Structure formats: C-alpha cells, structure tokens
Protein chains: 2
Amino acid sequence: MERDEVIDEFRAYLREHNLPVTPQRVAVAEVLLLRDRHFSADEIENELRAQGISVGTATVYRTLEVLVRSGLVVERDFGEGFKRFESARGMPQHEHLLCTACGRVVEFQDDRLDRMSTLLAEAHGFVTRSHRLVIYGICSECQKTGSGL
Amino acid sequence: MERDEVIDEFRAYLREHNLPVTPQRVAVAEVLLLRDRHFSADEIENELRAQGISVGTATVYRTLEVLVRSGLVVERDFGEGFKRFESARGMPQHEHLLCTACGRVVEFQDDRLDRMSTLLAEAHGFVTRSHRLVIYGICSECQKTGSGL
DNA sequence: CTCATTGCAAAGGATTTGCACTAAT
DNA sequence: ATTAGTGCAAATCCTTTGCAATGAG
C-alpha cells in the first residue's frame, strides 16, 4: 500500500465533510499516519517544528480531534498524564507494552488473549464491547543499559 | 478482618516511618479503606466535607501519596482525565470490567490471565512490572433494561 | 467574497508546590 | 522544643476556548 494513500484518505474525509484542507491539517496527519509510533500532542508539535513547519498548539489538538473522528487515528491513554495518538492502520484490536524506563510502546496482538477476555467478561455477565490491556515493564534495550534502575 | 484493622495498619505504617498520625491523614484513610469504591481525589474531599470534616485539597493529595506508598491504596487511571484510588485490600492484582452504559465497575482476578500477560511480555523482550486490563462492555443489568442501546 | 481555520493568549481542570502557621511527638 | 504537616494560594501540566486576523473554496 502506498504511503500517501492514507493522507489522501484524510483529504477525502475532509472534503466529504466540507472541512477545508489546510496545510496544517495535512502536516499533522502526515506525522501521525506516515509513522508507526504513538505521539503525544506535544511530540507532534516538536516534530513539526523540527521540520521547520510551525503549527499552533491549539491547531494540533483541533486537528487530532478531526483525525480521531475520521477513524484514521486512535486516541490512547496509558495513564501518563497526557494522551497519545496513533494511526488506526492495520491492527484493529491490539495490546500495548509500555516501557516504564524509556516510554517506548510496543504493540502486539494475540487471539488467545482476545478470546480469554471475552470469556472472562461473560463469566461476569458482561457482553464485551472492547478491551484494553497495557503491560508495564522494562524493554530489552533498557534491561541492557540498566536505565530506570 | 475488622473494619478498623486497616486503619490501624495505616497508623502503624505512619509510626514505623516516623510520620505524624494526623486527624487529616486518618480521615482520608477512613474514606478509602472502609469502603468498596473507587474514589477520585475530589470525591474524597467532598465526602469529608459532607461529614463535616474539612481537609485541604493539597493534604488530600499528599495523604493519597502516602497511602499509595504504604501499599494500602492503589492508584487507577481509567482515562477519565483524573485518577481514582481504591483500597488494595485482598485483591493484589485484579482487572476491571467497566459497563459503558451505566459506568459500573466490576473487579475480578484470574491467574491464567496474569500468567499469559507475563508470557506475552517476555515474548517481546519485556520484563513485566505490572499490567492493567480493562474490558469495556454492557453489564447484565443494562442488558435487561436496554440502556445505552 | 464568505465562512471556517489559525494562532495567540487567556481559561480550565487536575495535581503540585512555596510558605507562613499549626500541631504531633 | 523540634520537626513535619496543614491550608491557602500561586504555579504547573495538559488541553480547551475566545477572538481577531488569515486563508480555503
């Protein structure tokens, strides 16, 4: 799949909803959709600044709102005191491993876990809608360097 | 276990650490340890105010810090924009089922899940510190009444 | 041209911190 | 007496909002 296809999808979404396609919106979308990372609003702003593009904080947040509504981006809260955003591409339902030393986020998907989660919910009379698993630990890199010890 | 035993445990913790046992600290501890609920800092303050006890906001937060360090209370973040605190009594590691219709929170514990979570982390080179699973769904009550549909 | 977006700065909500005052040991 | 805790208000951190200037369609 072409890298810019996702951006075009966003452009299409904006047009369909009569929302102006501004360079700022596209710039924010590019950071988020063309990379495989979890960005905080602040990181996005810094990333853009590093690229020489200046986008106001408010605009970053407002664009993130649109991106989430478009379904192209997903909002995550790992209890760090701020939110992170990631492309919704590919992995529909996945879990997160968060390194408490360096903040790195690793994603994975496991069918057995999905099934177990549904069964556990049923056992308590719940009909599952979704679930979220975050495992906090130390990644292999940080284990080597001894960071956060 | 008697209701006041937990409070005595907290008093003991304070003494052992040369921390003064103040009426404010005990008051906050009582709200949290003598009930089966998840409280926000704000709710604790209101609860105390309703009881005619006035405790400053800063003191509530500072006491929560001590309670968490003592291991008697656990801090939770369900992505609501603020933190919740609950007694750690009994269930050392447990998961949460959150009804998206009525907001009810149900807790449960499952060893197989704990083990699976550790194994999944290892498979990705992580050393597990802890994990958090929140299953979002509809509780049996709401399924009957059709709330949130 | 017209209306939505932008950016700045002020406002907000949750939590923290500085500091003079009070209380526990 | 000592030393730490308390309350208040000011300060932070992340995020939202008001509003005049700007830009997309």
Side-chain angles (χ1 to χ4, degrees), chain A residues 7-8 10-32 38-49 51-70 73-85 103, chain B residues 7-8 10-32 38-49 52-70 73-85:
Chain A
I7 303 297
D8 286 337
F10 183 48
R11 283 209 182 79
Y13 174 86
L14 291 174
R15 293 205 195 86
E16 280 165 26
H17 293 256
N18 294 311
L19 300 171
V21 177
T22 68
Q24 290 90 332
R25 296 219 247 236
V26 175
V28 172
E30 284 180 346
V31 171
L32 234 32
H38 293 70
F39 287 88
S40 66
D42 195 54
E43 287 174 334
I44 292 171
E45 205 176 334
N46 292 335
E47 177 64 34
L48 289 172
R49 182 168 301 123
Q51 289 178 29
I53 307 169
S54 168
V55 177
T57 311
T59 300
V60 171
Y61 280 102
R62 283 186 284 230
T63 302
L64 285 171
E65 221 178 293
V66 179
L67 279 164
V68 169
R69 262 206 299 280
S70 79
V73 162
V74 184
E75 184 184 308
R76 307 272 179 203
D77 189 327
F78 297 126
E80 299 168 293
F82 56 85
K83 286 167 193 150
R84 286 177 185 255
F85 300 83
Chain B
I7 304 297
D8 286 338
F10 182 48
R11 283 209 182 80
Y13 174 86
L14 291 173
R15 293 206 195 86
E16 280 164 27
H17 293 256
N18 294 311
L19 299 171
V21 177
T22 68
Q24 289 89 334
R25 296 219 246 235
V26 175
V28 172
E30 284 180 345
V31 170
L32 235 30
H38 295 70
F39 285 89
S40 67
D42 194 55
E43 287 175 332
I44 292 171
E45 206 176 334
N46 291 333
E47 178 63 34
L48 290 172
R49 182 168 301 123
I53 306 168
S54 167
V55 177
T57 311
T59 299
V60 170
Y61 280 102
R62 283 186 284 231
T63 302
L64 285 170
E65 221 177 295
V66 179
L67 280 163
V68 169
R69 264 206 297 279
S70 79
V73 162
V74 184
E75 185 184 307
R76 306 273 176 204
D77 190 327
F78 294 117
E80 300 167 292
F82 55 85
K83 286 167 193 148
R84 285 177 181 272
F85 299 83

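Letters A, B, ... are given to chains in the order of the sequence lines, protein chains preceding strands, and every chain is numbered from 1. Keep in mind the model is a prediction, meaning the values are calculated, not measured.
The two residues B:S70 and B:L67 have their closest heavy-atom pair at OG-O, 2.7 Å. Contact record, B:H38 with B:E43: O-OE1, 3.5 Å, taken as the closest heavy-atom pair. Nearest heavy atom pair, residue A:V73 against residue A:F85, reads CG1-CB, 4.0 Å. Closest approach of B:D77 to A:G79, counting heavy atoms only: OD2-CA, 3.3 Å.
Rounded to a whole Å, the CG atom of A:L64 is 15 Å from the C1' atom of C:dT5. Atom CG in A:L14 sits roughly 20 Å away from atom P in C:dC3 (whole-Å rounding).
Expressed to the nearest 0.5 Å, how far OG1 of B:T63 lies from CZ of B:F10 amounts to 6.5 Å. The OG1 atom of A:T59 sits 12.5 Å away from atom CD1 of A:I44, with the distance rounded to the nearest 0.5 Å.
When DNA chain D is scanned in the 5' to 3' direction for atoms under 4.0 Å from non-hydrogen atoms of chain B, the outermost contacting nucleotides are D:dA4 to D:dC8.
Between the side chains of A:T57 and A:E45, at least one donor-acceptor pair of N or O atoms lies under 3.5 Å.
Side-chain atoms of B:R25 come within 3.5 Å of backbone atoms of B:P20 as a donor-acceptor pair (strictly under, hydrogens ignored).
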field: Sugar-phosphate or base contact per nucleotide [nucleotides 14-25 of chain C; S, B, -; heavy atom under 4.0 Å]
entry: SBBBB-----SS
